[in-house]
Structure formats: structure tokens, C-alpha cells
Amino acid sequence: NYWSDNARIHGSLASSTSKRTHPLRPVSRGPAQGVSEKTSGIWAGVSRGPAQGVSEKTNRVRASVPWNILPEPWNSTMLEWQRTAFHFQPEKNWMNGPLFYNGWYHFFYQYNPNGAVWGDIVWGHAVSKDLINWFHLPLAMVADQWYDKNGVWTGSATILPDGKIVMLYTGSTTEAVQVQNLAFPANHSDPFLIDWVKYHGNPVLVPPPGIYKKDFRDPTTAWLTSEGKWRITIGSKRDKTGISLVYDTKDFINYEMLEAELHAVSGTGMWECVDFFPVSKTEEKGLDTSINGPEVKHVVKVSLDDDRHDYYALGTYHEKNGSWIPDLPEIDVGIGIRYDYGIFYASKTFYDQNKNRRVLWGWIGEGDSEAADMEKGWASLQSIPRTILFDNKTGTNLLQWPVEEIESLRLNGTEFEKVEVKAGSVAPLDVGPGSQLDIIAEFEIDKEALKKATGSNITFSCQTGGGAAKSGALGPFGILVLADESLSEQTPVYFYIAKDSDGDLKTFFCTDLSRSSKAPDVDKQIFGSYVPVLKDENLSLRVLVDHSIVESFAQGGRTVITSRIYPTEAINGASRVFLFNNATETCVTASVKIWQMDSAFIRPYSDDDDKDDDDRKSSAP
């Protein structure tokens with residue numbers, strides 16, 4: 001048995017007093033973003049650190065390995081393999097104001113043009129027709145004013161009824177005070193929105209009394225109230241209580257702070273990248289941020305600076321005082337459900353009016369050492385964009401699923417129907433190289449085994465359950481990805497069914513990184529959480545493998561795990577896929593379909609692309 005053998009200024013502009021309007025001033029332009037001077041063609045990038053602008057790797061649990069020295073066995077082939085093929089990897093990592101405008105999806109992100117460490121933060125910009133294939137454009141905004149000299153940080157775009165765009169963003173001033181600033185496209189008729197101007201009267205908001213100067217950041221997309229005002233919310237904290245401040249405005253220049261907070265949860269610390277949006281209870285489509293009514297629930301999502309995870313909750317929004325109340329206080333924001341139980345942070349949604357859907361972006365950091373990042377010349381990337389829907393079956397969850405456009409990269413597919421995987425066994429799936437895959441699988445469990453299995457009063461968790469090598473009566477079972485032929489390196493994505501002493505079943509969805517790499521300087525956690533499984537539902541998962549990132553979705557996206565994997569042997573043609581069942585009391589029947597995935601088209605935009613587009617239009621029937 002393999003398993004047994006290898007077992008942000010003081011003061012306030014928050015009042016309703018009027019403020020003189022100032023003219024706009026042009027933005028300083030940065031260079032176009034393209035392939036860097038590195039001969040490997042790898043772009044420079046960096047992971048974003050805490051709010052004060054310090055990038056401390058969160059995986060320094062490997063204390064025996066110096067963070068700034070690249071250990072054995074790394075070589076250039078291994079490091080170059082880690083670059084993904086169909087995930088968006090800007091020259092830096094952080095999203096700010098995604099939107100759809102004049103036929104193009106726009107993606108703004110925080111970027112360090114000077115290296116693979118935190119610092120010198122400006123806004124990168126890319127555009128796409130399909131959220132998968134991207135053109136890099138010149139920098140959108142650089143840190144050239146006193147109010148953003150220490151960084152052009154996170155912001156949000158709002159499309160006004162007349163089609164014009166306003167962008168609010170956090171700037172870190174010369175005194176390291178977090179303030180909110182206003183910017184506009186210089187030319188709204190330009191579908192690429194190449195040039196931006198900053199409002200000459202910036203900042204438009206400063207920290208109100210009682211809020212620390214470095215705890216006031218990340219304005220949301222604005223939504224309309226019934227009085228015709230625009231409303232935004234901004235993350236902050238008071239002592240250890242995470243809060244979201246609410247402001248009304250008619251012109252995005254003058255603001256009134258509401259007395260009530262949108263929401264507050266004690267013990268959760270600083271709230272970053274707050275997101276607030278409606279979801280339909282009755283229709284499988286996204287909603288504009290301003291929609292409200294009896295058929296709508298509202299989502300509050302926060303990124304917790306203390307633990308670097310993204311949490312959300314469903315509840316009811318009260319427009320009159322601007323507050324939001326969770327449906328279930330026991331799973332309130334910051335103490336309940338997470339978007340993703342792996343590496344996923346600072347996420348942002350936008351309403352895609354092109355396809356009537358709400359799309360979620362997330363920043364995926366690294367789990368390796370800074371020495372490896374410096375050697376590669378880049379760090380971190382974006383998740384595949386995900387659609388967001390209300391799960392009306394559970395009533396407590398959102399469903400996240402890769403946007404349909406990702407399927408355009410599918411190449412040859414291989415189907416495996418009803419493969420029986422006996423207890424304690426591993427079954428290879430012959431699909432060729434395993435570095436770029438889209439996997440969909442469904443598992444059926446022996447119902448008699450479910451009844452006969454002995455219950456236990458021991459509480460299971462993915463993190464403390466021993467990983468995929470630890471046998472239980474009803475699990476673990478699932479798929480091994482990024483595995484070499486001998487299974488010396490492997491990343492199991494799996495289910496574990498726990499039965500308590502009362503006979504009740506609870507299902508967990510996990511990803512085990514403990515044997516994902518032989519390298520000593522990478523994170524090897526076990527990720528995962530409980531996943532709701534309803535009566536008569538088979539267990540189902542989808543896994544997107546793209547070199548060093550694995551995104552896994554269980555039960556239609558009720559529970560999601562994103563992992564960063566750094567194998568030394570299971571790369572290129574040596575990477576394989578297996579089914580496994582390490583349960584002791586049940587056989588598992590698996591039906592699997594696996595597609596090889598093509599690479600996305602991601603490169604700097606050139607004038608020739610305009611000509612190519614004209615040629616395509618003229619040749620169309």
C-alpha cells in the first residue's frame with residue numbers, strides 16, 4: 001500500500017460643507033509595460049504587503065531556510081516552469097478598478113516597475129475582450145503628487161448613467177497618511193482609456209476624527225440611493241473592531257459621512273478592500289451595484305489585514321441609515337465563511353453589464369521564498385475571474401465558478417467513465433502532461449459503507465486531519481495533480497467525510513501541499529474547510545491546473561481552494577494525474593473529464609494590433 005509506505009492626514013472632509021471645484025490636471029505618464037529586459041522573458045512583479053507598504057512573506061514558518069538565499073535543488077528550468085500559461089500575471093499583482101467599457105474589459109492593478117519586492121507602487125493597466133487574453137497598456141497612474149507620493153493604492157471605478165467613469169483610489173501621502181483621491185479618463189471616447197487625469201483638489205476625503213491616519217483605505221464602487229445620491233464605503237478599524245465607514249456624495253468631490261457604519265465586527269482588526277454588492281435570490285444573473293429590493297440579498301466582503309484572508313456574509317441592507325445586518329451573526333463577516341480557503345486575498349468584484357454577471361477577481365500571492373521571487377523576477381498573479389451567484393439551496397453561501405470564457409482554451413479532452421477506485425488504491429489517468437489542465441470530476445460513494453461506518457466524537461479539520469496520507473473510514477479520496485510517476489511529489493485535492501457519534505455526516509474539501517515539492521523553502525500547508533453537501537448530491541469538483549497555481553472548486557463552487565505549488569520533479573512532461581482513495585471502508589466510483597489547456601494570449605499592445613483587428617473585420621462574412 002503506497003499510503004502506508006509513504007505514509008493614511010488628520011482632520012475631516014466628511015461634513016456636508018461645500019468645497020470649491022478645481023480644474024483637472026494631467027497625470028504623469030509612465031512607460032509602457034512590456035516584457036522586461038530579463039532574457040528569460042519573465043516579467044517583473046511583486047506581492048503586496050501590509051497596509052504600511054512592507055512586504056513581509058507570510059510563509060516564514062520555514063525558519064531553518066534563509067529567506068534571501070536560494071537553496072538546492074532549484075535551477076532555472078524549475079523556476080521558469082512556474083510561470084503560468086492562462087492566468088493573468090501582470091508585472092505586479094494587485095487589482096483595483098476592473099470594469100467593462102466600450103467593448104473592453106479593463107484591469108487596473110498595483111505594480112512595482114522596479115523589482116520583485118514591495119515598493120514604488122503605481123497602477124498598471126491591461127485590456128481584454130474576453131477576460132482571458134490580455135493586452136498590457138502603458139501605466140495608468142503613477143505616484144507623482146503629494147497625496148499619493150508613497151503609493152497609488154487600491155481603488156474602484158464607477159460608471160455614471162451618462163456612461164462616464166469616475167475612479168476613487170487610496171493614496172499614501174508624503175506623510176504616509178491614507179487619503180481618497182479622484183481621477184477621470186482624459187478621453188472617454190478612447191476605448192482603451194489610456195490617459196487619466198487626477199482631480200486638482202485631491203484629496204477628496206481624509207481620515208475622520210478618531211480614525212488613525214494609516215487605517216482609512218480602499219473605497220468601493222459607488223451605488224445610487226433612492227434620493228439620487230452616490231454612496232461608498234471605506235474600510236477602517238477602531239481598536240480591534242473592523243468597521244466600514246459610509247459616505248454620500250452628489251459629485252464625488254464633496255462628501256457627507258453617515259452616522260451609522262455599514263457594519264462592524266469586534267475582534268476582526270483592520271478591514272481592507274471592502275466590497276458591497278447585491279445578489280439575486282431568484283435569478284441566475286448578476287446585478288448592478290445599485291439594485292435593491294425584496295428579491296435581493298446584499299453581500300459584505302472584507303479582507304482582514306490580521307490574517308490575510310477574505311471573508312463574506314449575506315444579509316439585509318437598510319438604505320435609510322446605510323447599515324447592513326447579517327442573516328446569521330454566528331457566521332458574520334470575518335468570523336465565518338471565506339471566499340477561498342487557500343491563498344487568495346484583496347479580492348474585488350465588478351458588475352459586467354456586457355453579460356449580466358458579477359465577476360470576482362482575487363490576488364494570489366506566493367508560497368515560496370523572496371530569494372526565489374528575486375531569481376524569477378516576478379511574484380504573484382491573479383485568479384481566473386469567477387462568476388458570483390447566490391446559492392439558493394443553502395441560503396448561506398455564494399457560488400463561485402470560473403468564467404465561461406476559460407473554456408475557449410480547452411484542447412483535447414479525455415473522459416473516464418465510472419472508474420472504480422478501491423480502498424487504499426491509486427489509479428493513473430493517462431492524459432499526457434499535467435501542467436495545464438481543466439478537470440471536472442464526480443464521485444459516488446458506496447451507500448452501504450456510509451451506513452456501516454463507525455461514528456467518532458473526534459472533530460475533523462483539513463489542517464489537523466493528517467492530510468491525504470491519513471486513512472479514515474470514509475476518506476480521503478479525490479485527485480492527485482502535479483504528481484510525478486513515483487508519487488514522490490504530489491498535490492492531492494480531495495474530499496473527507498466525517499461521521500460523528502450521532503451518525504451525522506459532514507463533508508470536507510481539502511488540498512494537501514505537504515508532499516507537493518522536495519524544495520525546503522516553500523509553503524506546504526494543508527488547506528480546506530467544510531463544504532455543504534445536500535441530499536441526493538454527488539460529490540463534485542473542478543480543478544484548474546496552470547503550472548504553479550491550482551484552483552479547486554467543490555459542489556459547484558460552494559467551497560474553493562487556491563494553492564501555489566512548486567514541484568522540482570513533477571514539471572513539464574513529468575507531471576501526471578491520478579485518482580486516489582485512501583479510505584478504509586468504502587469504494588469510490590469516479591467519472592472524470594480532463595482537458596489539456598492552451599496558453600492565453602497575454603502581451604503588450606502595439607499599433608499593429610489595430611491593423612490586425614481591422615483586417616479581421618473586413619474579412620468577416
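Quick caveat: nothing in here was measured; it's all calculated off a predicted structure.
If you check the side chains of Ser380 and Trp363, you find a donor sitting under 3.5 Å from an acceptor. Looking at Thr84 and Gln89, their side chains do bring a donor and an acceptor atom within 3.5 Å of each other. Side-chain atoms of Trp223 and Tyr317 form a donor-acceptor pair, as typed in the model, at a separation below 3.5 Å. When only modelled atom types and interatomic distance are considered, Thr170 and Gln180 share a side-chain donor-acceptor pair under 3.5 Å.
Below 30°, between 30° and 60°, or above 60°: for Phe135 and Trp104 the angle between ring planes is between 30° and 60°, a tilted geometry. Ring geometry for His136 versus Phe88: interplanar angle of 30 to 60°, hence tilted.
Pairs of residues two or more places apart, or lying in two chains, that qualify as salt bridge (charged side-chain N to carboxylate O under 4.0 Å, His left out) and include a residue from residues 146-156 are Asp148-Lys198. For the salt bridge (charged side-chain N to carboxylate O under 4.0 Å, His left out) condition, the pairs that include at least one residue of residues 278-292, sequence neighbours left out, are Glu283-Lys285.
Contacts of Asp546 classified as salt bridge (Lys or Arg N to Asp or Glu O under 4.0 Å), with partners at least two apart in sequence or in another chain: none. Under the rule for a side chain to side chain contact (heavy atoms under 4.5 Å, CB included), the partners of Asp130 that lie at least two apart in sequence or sit in another chain are Ser128, Ile132, Asn133, Glu405. Listed by chain and number, the residues in a ring-ring contact (aromatic ring centres under 6.0 Å, His included) with His309 amount to none (sequence neighbours excluded). Partners of Ala186 by side chain to side chain contact (heavy atoms under 4.5 Å, CB included), not counting sequence neighbours, listed by chain and number: Asp195, Val197. Scanning for ring-ring contact (aromatic ring centres under 6.0 Å, His included) contacts around Tyr530 gives an empty result, with sequence neighbours left out. Remark: Tyr312 pairs with Val299, Lys301, Ile337, Tyr339, Asn397, Leu398 by the side chain to side chain contact (heavy atoms under 4.5 Å, CB included) rule, at least two apart or across chains. Every residue meeting the ring-ring contact (aromatic ring centres under 6.0 Å, His included) condition with Phe252, not counting sequence neighbours, appears here in chain and number order: Trp230. Partners of Phe100 under the ring-ring contact (aromatic ring centres under 6.0 Å, His included) rule, at least two apart in sequence or in another chain, are Tyr105. Scored by the side chain to side chain contact (heavy atoms under 4.5 Å, CB included) test, Glu537 finds Lys393, Val533, Leu534, Gln555, Arg558 as partners (sequence neighbours excluded).
The nearest pair of heavy atoms linking Ile253 to Val204 is O-CB, 3.9 Å. Heavy atoms only, all atoms of each residue included: Ser347 and Ser303 are closest at N-OG, 4.1 Å.
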Distance-only donor-acceptor hits, side chain of residues 235-244, under 3.5 Å, sequence neighbours excluded:
residue, atom, partner, partner atom, Å
Ser236, OG, Asp215, O, 2.5
Arg238, NH1, Glu261, OE2, 2.2
Ser244, OG, Thr233, OG1, 2.2

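A salt bridge between Arg308 and Glu272 is present, with a side-chain N of the basic residue lying under 4.0 Å from a carboxylate O of the acidic one. Comment: Arg358 does not engage Asp275 in a salt bridge, judged by the lack of any side-chain N to carboxylate O separation of less than 4.0 angstrom.
Screening Tyr311, Phe276, Trp324 against His263 for a ring-ring contact (aromatic ring centres under 6.0 Å, His included) leaves a single residue, Trp324. Checked options Asp305, Leu304, Asp218, Asp306; the residue passing with Trp271 is Leu304 (criterion: side-chain contact (heavy atoms from CB on, under 4.5 Å)). The only option from Phe107, Tyr109, Phe344, Tyr345 that meets the ring-ring contact (aromatic ring centres under 6.0 Å, His included) definition with Trp361 turns out to be Phe107.
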Handout entry: Intermediate values then yes/no, ring pair (Phe, Tyr, Trp, His ring centres under 6.0 Å), Tyr169 and Phe108
Key = CA-CA 11 Å; Tyr169 72 93; Phe108 301 93; over 10 Å; no
